[in-house]
Number of protein chains: 2
Amino acid sequence: MEQAKKILKSHNLKITPTRIAILNVFLTEKNALSASQIKKNLIIEFDRITLYRTLLTFETKGIIHKISSPDGIVRYAICTDNCPAEQHNEKHLHFYCYKCGKIYCEEDTDISGIQIKSGFYIESIQIIAEGLCKDCYKN
Amino acid sequence: MEQAKKILKSHNLKITPTRIAILNVFLTEKNALSASQIKKNLIIEFDRITLYRTLLTFETKGIIHKISSPDGIVRYAICTDNCPAEQHNEKHLHFYCYKCGKIYCEEDTDISGIQIKSGFYIESIQIIAEGLCKDCYKN
DNA sequence: AATCTAATGCAACAATATTGCATTTGCAAA
DNA sequence: TTTGCAAATGCAATATTGTTGCATTAGATT
């Protein structure tokens, strides 16, 4: 069975063409994607509303996680850490290149050095570094 | 001279009722605010477009800084560190409460321990912790 | 007070997102 | 294999957020 179907099954989600198509986009592209970027990469056509709802479903189930970048566009990326539903512990860093607009997931970044004062009940931490990626720096 | 006027003067900006009103909202409310939240707190009425443009001006001049929160809404907060124009070095952490939607600026948080692998030219880092604030945790 | 530049307002538009409801479809049980 | 139900999707309508061009107004300097 293909990977997309496996993921859906393991999260108790019905297998539909829409969901498989969206999942395959995430499995192919490693960088975080916005709704419109996902739509462009889809091999089948369907309603924009369905895309929003599917992304929400995936996020709730812990298949993907949301990233809000400095440009204000919400992007999504597939969870590598097998997040439990509704509780993402993405401990890695995202890098946003302000020139090409890409978001890179940097898995192996150590963020254990961050301290926060008491009074807050932290469930997840998201770090976004902004700057230029290698390709854009060259040009 | 009131504080708002001082800030405008020191950044070579013309003193207008709009700008003073917006600045006063930031000076009163310490949490980060979205465009619509700012609009609600304003004592005078003016065009929505002016608000966007004023926020952009303030950001460019280093008076406020943009924060993209997990809910996808862009918020702004006043800079405490006297940022140089166009280059914000907000080294502090933001805390986003997913219940009340508030964003708290945690000034005295040390984030210097973060390491990132080479290949990226980082200009700024933004950290958003997500969870429940004290008030929302109680209820 | 005059003048020039910057700020604002208006109109139009574009992108993004949400909600309700009718219809279709996946899938499990009969 | 067929049936039935809950879930998924599509459609329509609407809300929110943000942008651009251009005419008008207002701040600050002389």
Side-chain angles (χ1 to χ4, degrees), chain A residues 1-2 4-24 32-61 63-64 66-76 85 98 101 103, chain B residues 1-2 4-24 32-61 63-64 66-76 85 98 101 103:
Chain A
M1 186 162 54
E2 358 160 2
K5 286 189 185 176
K6 270 188 202 166
I7 294 170
L8 290 174
K9 276 244 170 184
S10 68
H11 288 88
N12 290 317
L13 288 171
K14 286 185 183 170
I15 292 159
T16 69
T18 314
R19 286 176 175 173
I20 290 175
I22 294 174
L23 260 186
N24 279 330
L33 298 164
S34 65
S36 63
Q37 286 174 317
I38 295 163
K39 206 156 166 44
K40 271 179 212 151
N41 286 316
L42 285 168
I43 39 168
I44 56 166
E45 284 275 329
F46 52 85
D47 208 84
R48 201 165 46 92
I49 290 105
T50 305
L51 177 56
Y52 286 124
R53 280 194 279 227
T54 306
L55 291 174
L56 191 64
T57 305
F58 285 178
E59 195 195 4
T60 309
K61 290 283 181 177
I63 299 172
I64 57 173
K66 197 193 266 191
I67 304 152
S68 18
S69 32
D71 59 9
I73 296 171
V74 173
R75 287 181 178 78
Y76 293 90
Y98 61 76
I103 293 215
Chain B
M1 188 161 54
E2 359 160 0
K5 285 188 185 175
K6 270 188 204 167
I7 294 170
L8 291 174
K9 276 244 170 186
S10 69
H11 288 89
N12 290 318
L13 289 171
K14 286 186 183 172
I15 292 159
T16 69
T18 315
R19 288 176 172 172
I20 290 175
I22 294 173
L23 260 186
N24 278 331
L33 298 164
S34 66
S36 62
Q37 287 175 317
I38 295 164
K39 206 156 165 47
K40 273 179 209 148
N41 286 317
L42 284 168
I43 39 166
I44 56 166
E45 285 275 328
F46 52 85
D47 208 83
R48 201 167 46 92
I49 290 107
T50 304
L51 177 56
Y52 285 122
R53 281 195 277 227
T54 307
L55 291 174
L56 190 66
T57 305
F58 284 0
E59 195 194 4
T60 309
K61 290 282 181 178
I63 300 172
I64 58 174
K66 197 192 265 191
I67 304 151
S68 19
S69 34
D71 59 9
I73 297 170
V74 173
R75 287 182 177 77
Y76 293 90
Y98 60 76
I103 292 212

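Lettering of chains follows the sequences in order, A, B, ..., and the numbering in each one begins at 1. FYI, side chains are in, hydrogens and waters are out, and symmetry mates aren't considered; it's all heavy atoms of this structure. The structure displayed is predicted, hence computed values, not measured ones.
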| How bent is the helix from C:dA1-D:dT30 to C:dA30-D:dT1, comparing axes over its five end pairs at each side, to the nearest 10°? | 30°
| message | Without decimals, in angstroms, what is the distance between B:Leu8 CG and D:dG27 P? | response | 13 Å
| field | Value rounded to 0.5 Å, distance of CD in A:Gln37 from NZ in A:Lys40 | value | 6.5 Å
| Do the non-hydrogen side-chain atoms of B:Tyr76 and B:Ile103 ever get within less than 4.5 Å of each other? | no
| query | Any side-chain heavy atom of A:Ile63 sitting closer than 4.5 Å to one from A:Leu23? | reply | yes
| message | Just verifying a value: how many Å separate B:Thr57 OG1 and B:Ile64 CD1, rounded to the nearest 0.5 Å? | response | 9.0 Å
| task | State which residues pass side chain to side chain contact (heavy atoms under 4.5 Å, CB included) with A:Thr50; sequence neighbours excluded, sorted by chain then number. | result | A:Thr18, A:Phe46, A:Asp47, A:Thr54
| remark: Residues A:Ile73 and A:Ser34: closest non-hydrogen pair is CG2-CB, 3.5 Å
| message | If I take atom CD1 in residue B:Ile44 and atom C1' in nucleotide C:dA7, what distance separates them, rounded to the nearest angstrom? | response | 13 Å
| Can you tell if the side chain of A:Leu55 reaches within under 4.5 Å of the side chain of A:Ile38, non-hydrogen atoms only? | yes
| task | Round to a whole Å and report the spacing from NZ of B:Lys39 to P of D:dT16. | result | 13 Å
| What's the CG-P distance between B:Leu55 and D:dG18, to the nearest Å? | 9 Å
| Protein-to-nucleotide contact annotation, 5' to 3' order, nucleotides 4-15 of chain D [B base; S sugar-phosphate only; - none; under 4.0 Å, heavy atom] | --BSSBBBB---
| request: Round to the nearest Å and state the distance from B:Tyr52 atom OH to C:dA7 atom C1'. | output: 18 Å
| 4.5 Å side-chain heavy-atom contact, B:Glu59 and B:Leu56 | yes
| remark: note: B:Leu56, atom CG; C:dA6, atom P; distance rounded to Å ~ 15 Å
